[in-house]
Amino acid sequence: MEQLTQQKCVPCSGGVPRLNSEQIAELTPQVPNWDVVEVEGISRLVRLYKFPNFVSALAFTNRVGDAAEKEGHHPALLTEWGKVTVSWWTHEIGGLHQNDFVMAAKTDEIANQMAATK
Ligand SMILES: C[C@H](O)[C@H](O)[C@H]1CNC2=NC(N)=NC(=O)C2=N1
């Protein structure tokens, strides 16, 4: 199967099913640094990224935001001094979709690119 980072988000209107636990278990190994967290009954992918200061945390935040706009699929972002918490889930279906795994993998790619050019 194509690597998650190579995939594009598909337009995700409501009505498509949420991923079930087996499907989630199949996908999580491809985003090993992410946790599946249930918040108010909604499963989401969550990862905490650490940075040396606020400026780099904000730069990462904006890069993730740009990718989200490009894909039409958006995260929850908590940006603090030295850290950014990124959460992905699909609001339209109240749970996880393949898109969320694609975007988690793309988020890791952005972090890796930033670390490489430090
Ligand atoms: C109209 C707009 O495309 C939709 O609201 C999109 C925007 N970005 C989105 N992002 C996420 N994470 N889930 C959604 O259901 C979603 N829907």
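Whatever order the structure lists ligands and atoms in, that order sets their numbers, starting from 1. Bear in mind the structure is a predicted one, so any value in this text is a computation, not a measurement.
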Which of the listed options, M103, H97, H74, holds the heavy atom that is closest to atom 10 (N) of ligand 1?
-> H74
Got a protein heavy atom sitting under 4.0 Å from atom 5 (O) of ligand 1?
-> yes
Say whether, by atom type as modelled, one donor and one acceptor occur between the side chain of D100 and the main chain of L96 under 3.5 angstrom.
-> no
Looking at atom 2 (C) of ligand 1, is any protein heavy atom nearer than 4.0 Å to it?
-> no
Numbered in order shown, the ligand 1 atoms found under 4.0 Å of a heavy atom of W89 are 11 (C), 12 (N), 13 (N)
Is K106 reaching over with its side chain to a backbone N or O of Q7, donor-acceptor style, under 3.5 angstrom?
-> yes
Quick check: does T90 get an N/O under 3.5 Å from an N/O on ligand 1?
-> no
Any F101 side-chain heavy atom under 4.5 Å of I24 side chain | yes
Aromatic plane relationship, Y49 with W34 - under 30° parallel, 30 to 60° tilted, over 60° perpendicular | perpendicular
Is the closest side-chain heavy-atom distance between V10 and H97 below 4.5 Å?
-> yes
Residue and atom name of the nearest protein heavy atom (relative to atom 17 (N) of ligand 1), distance in Å to one decimal | E92 OE2, 3.5 Å
Output yes when a side-chain donor or acceptor of R47 lies under 3.5 Å from a complementary backbone atom of S87, and no otherwise.
-> no
Heteroatom proximity flag, D100 to ligand 1, N/O under 3.5 Å | no
Work out whether the distance between some heavy atom of W88 and some atom of ligand 1 is less than 4.0 Å.
-> no
Protein contact to atom 13 (N) of ligand 1 [nearest heavy atom, distance to 0.1 Å] | H91 N, 3.1 Å
Side chain of D35, backbone of V37: donor and acceptor closer than 3.5 Å?
-> no
